[in-house]
Q: 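Quick one: the structure is below, and I'll ask about it shortly.
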There are 2 protein chains.
Amino acid sequence: MSAKRLHLITTAFELFYQKGVHAVGINEILSESGVAKKTLYHHFAGKDELVLAVLEYRDQRFCHWLQGSLDAATSVTDKIDALFDALDDWFNDRVDALRPFHGCFFINVSGEYSAPDHPIHLQCTRHKINVAMLLREQFEALGMASSLGSRLTDDLCLLKEGAITLAYVQGDCNAALKAKDTATRLVAAVL
Amino acid sequence: MSAKRLHLITTAFELFYQKGVHAVGINEILSESGVAKKTLYHHFAGKDELVLAVLEYRDQRFCHWLQGSLDAATSVTDKIDALFDALDDWFNDRVDALRPFHGCFFINVSGEYSAPDHPIHLQCTRHKINVAMLLREQFEALGMASSLGSRLTDDLCLLKEGAITLAYVQGDCNAALKAKDTATRLVAAVL
DNA sequence: ACAAAAGTAGACAAGTCGGTCTACCTCTTT
DNA sequence: AAAGAGGTAGACCGACTTGTCTACTTTTGT
């Protein structure tokens, strides 16, 4: 991967994440990154392809961070605690790789591309599926029954998305810990 | 309220909801509604004020619909079922007043205005608080203890936001019924 | 060493953005 | 009858939009 290409992606991500995709022009990305316009159009066919590359970049960064946050936990309840503690770190800007928190980039971007079959919306969908898969694999690695792991993953995804929205739209910086409490009560009966 | 003003608001809402605020220009709203530009700037000081008016309009419509969906239920479990059945109707375009479903308008818009103190972001925050208040009042009207009602409301809001995101970003049209199942398991221990 | 690839600055095109303004028309109220 | 509010159409403004292009320089691999 070319250094210029990566620089364009990281600069574009920061601007898109803060202001939204449609509110950021190509020229702003160019002047902010110090890259020439010709170089951008050498690497990307157009703005949409840059957006797609930015989504892929963020997906990898996010999943890598989340996996690292969960790997150490060795029991189901520890995994659940680790998940919401990680979210709490994210919401409160204690994660360098994700800072500053402006909600979920993929939720924000899909709000600007509502057509479900649009490539950009599809990329957002894929990210959410990736995160769910990552969680399911964590429970499978613990030897959890497949049906139980699937339901637990569904429940946790529901609470995770809810916590993100509460934290971002309502500015509730304790949303992750509240969701952790809810998750704990939810699994108390099963486990 | 002037008929022209209302017409501008409803037209702007449909376009904003489908394409996002920044992707829709004043001229598009004008040509779609058939209203003159001078008339728009007679009623609104600028685009931001129109956006604010649209948010207020949608908040009232949404809360009115939700309240109507919950009023008939006479027990806590019935209220919970009614909430997620209502969401299921919304997600699957069975509610004329809200159709077509493109996620939560307030989540989408706040994704375009990340600054927490921006008037538009604040209006989105206010909507989420309004919905939470509406839920809490439903349980209070049933004579539920205040602390219990508060925690139940928090849990349900978490699941509701999660279901909206799953339904919109992942295109999971069964998200509301899944969340209903999760909510049922969650309260089974308490009630 | 040399050719190809990747980079630079920035002019330019064609169109859209939010917003202002003139000139005129049509209601409603006193 | 008169007057003011609310409406129409659309020209116009300066700034910005994505994207193309020329002419030139730097970096990289063989």
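Scope of the values below: all heavy atoms of this structure, side chains included, with no hydrogens, waters or symmetry mates. Just so it is clear: chains get the letters A, B, ... in the order the sequence lines come, proteins before strands, and each one is counted from 1.
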Q: If you check every side-chain atom of His42(B), which of dG18(C), dG7(D), dA9(C) has the closest atom?
A: dG7(D)
Q: Nearest heavy atom decides the nucleotide; on that basis, is His22(B) or His43(A) closer to the 5' end of DNA chain C?
A: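 Closest to the 5' end, via its nearest nucleotide, is His43(A).
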Q: Closer to the 5' end of DNA chain C via nearest nucleotide, is it Asp48(B) or Gly34(A)?
A: Gly34(A)
Q: Write down the distance between CD1 (Ile29(A)) and C1' (dC16(D)), rounded to a whole number of angstrom.
A: 14 Å
Q: I'd like to check Phe106(B) versus Asp59(B) (side-chain heavy atoms, cut-off strictly below 4.5 Å). Are they in contact?
A: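 Contact flag for Phe106(B)/Asp59(B) side chains = yes.
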Q: Taking the minimum atom-to-atom distance to the side chain of Thr39(B), which one of dT8(D), dT20(D), dG18(C) wins?
A: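 Among dT8(D), dT20(D), dG18(C), the one nearest the side chain of Thr39(B) is dT8(D).
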Q: If you only use heavy atoms from C-beta on, which nucleotide in dT18(D), dT8(C), dG18(C) is closest to the side chain of Ala36(A)?
A: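 In terms of side-chain proximity for Ala36(A), the closest of dT18(D), dT8(C), dG18(C) is dT8(C).
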Q: It should be established whether Lys37(A) places a side-chain nitrogen or oxygen under 4.0 Å from OP1 or OP2 of nucleotide dC21(D).
A: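 For Lys37(A), the contact criterion (side-chain N or O under 4.0 Å from OP1 or OP2 of dC21(D)) is not met.
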Q: Within the structure provided, determine whether His118(A) and Asp48(A) are in side-chain contact (heavy-atom separation under 4.5 Å).
A: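 Yes, close enough: below the 4.5 Å cut-off.
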Q: What integer distance in Å separates Leu30(B):CG from dC17(C):P?
A: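 Taking CG of Leu30(B) and P of dC17(C), I get 11 Å after rounding.
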Q: Once you round it to whole Å, what is the distance between C1' of dG19(C) and CG of Leu50(B)?
A: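 Nearest whole value for this atom pair: 14 Å.
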Q: With a cut-off of less than 4.0 Å, is there a side-chain N or O of Lys4(B) near OP1 or OP2 of dG7(D)?
A: no
Q: Please figure out whether Ala45(A) or Ala23(A) has its closest DNA chain D nucleotide nearer the 5' end.
A: Ala23(A)
Q: Do the side-chain N and O atoms of Asp71(B) and Gln138(B) include a donor-acceptor pair separated by under 3.5 angstrom?
A: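 Judged by distance alone, the side chains do pair up.
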Q: If only side-chain N and O atoms of Ser2(B) are considered, is one of them under 4.0 Å from the OP1 or OP2 phosphate oxygen of dG6(D)?
A: no
Q: Please report, rounded to the nearest Å, how far the P atom of dG6(D) is from the OH atom of Tyr41(B).
A: 19 Å
Q: In whole angstrom, what separates Lys47(A)'s NZ from dT20(D)'s P?
A: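 Rounded to the whole Å, the gap is 15 Å.
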Q: Specify whether Phe62(B) and Trp90(B) have parallel, tilted or perpendicular ring planes, treating 30° as the upper limit for parallel and 60° as the lower limit for perpendicular.
A: perpendicular
Q: Side chain of Lys38(A): nearest nucleotide among dG7(C), dT22(D), dG6(D)?
A: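 Of the candidates, dT22(D) comes closest.
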Q: Round to the nearest Å and state the distance from Glu49(A) atom CD to dT18(D) atom P.
A: 15 Å
Q: Does Tyr113(A) form a ring pair (Phe, Tyr, Trp, His ring centres under 6.0 Å) with His22(A)? I'd like the steps, not just the answer.
A: CA-CA 10 Å; Tyr113(A) 296 86; His22(A) 287 301; 5.2 Å; yes
Q: Starting at atom CZ of Arg5(A), determine the distance to atom C1' of dA5(C), rounded to an integer number of angstrom.
A: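 Atom CZ in Arg5(A) sits about 16 Å away from atom C1' in dA5(C).
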Q: In this structure, how many angstroms lie between the P atom of dT17(D) and the CG atom of Leu40(A), rounded?
A: 14 Å
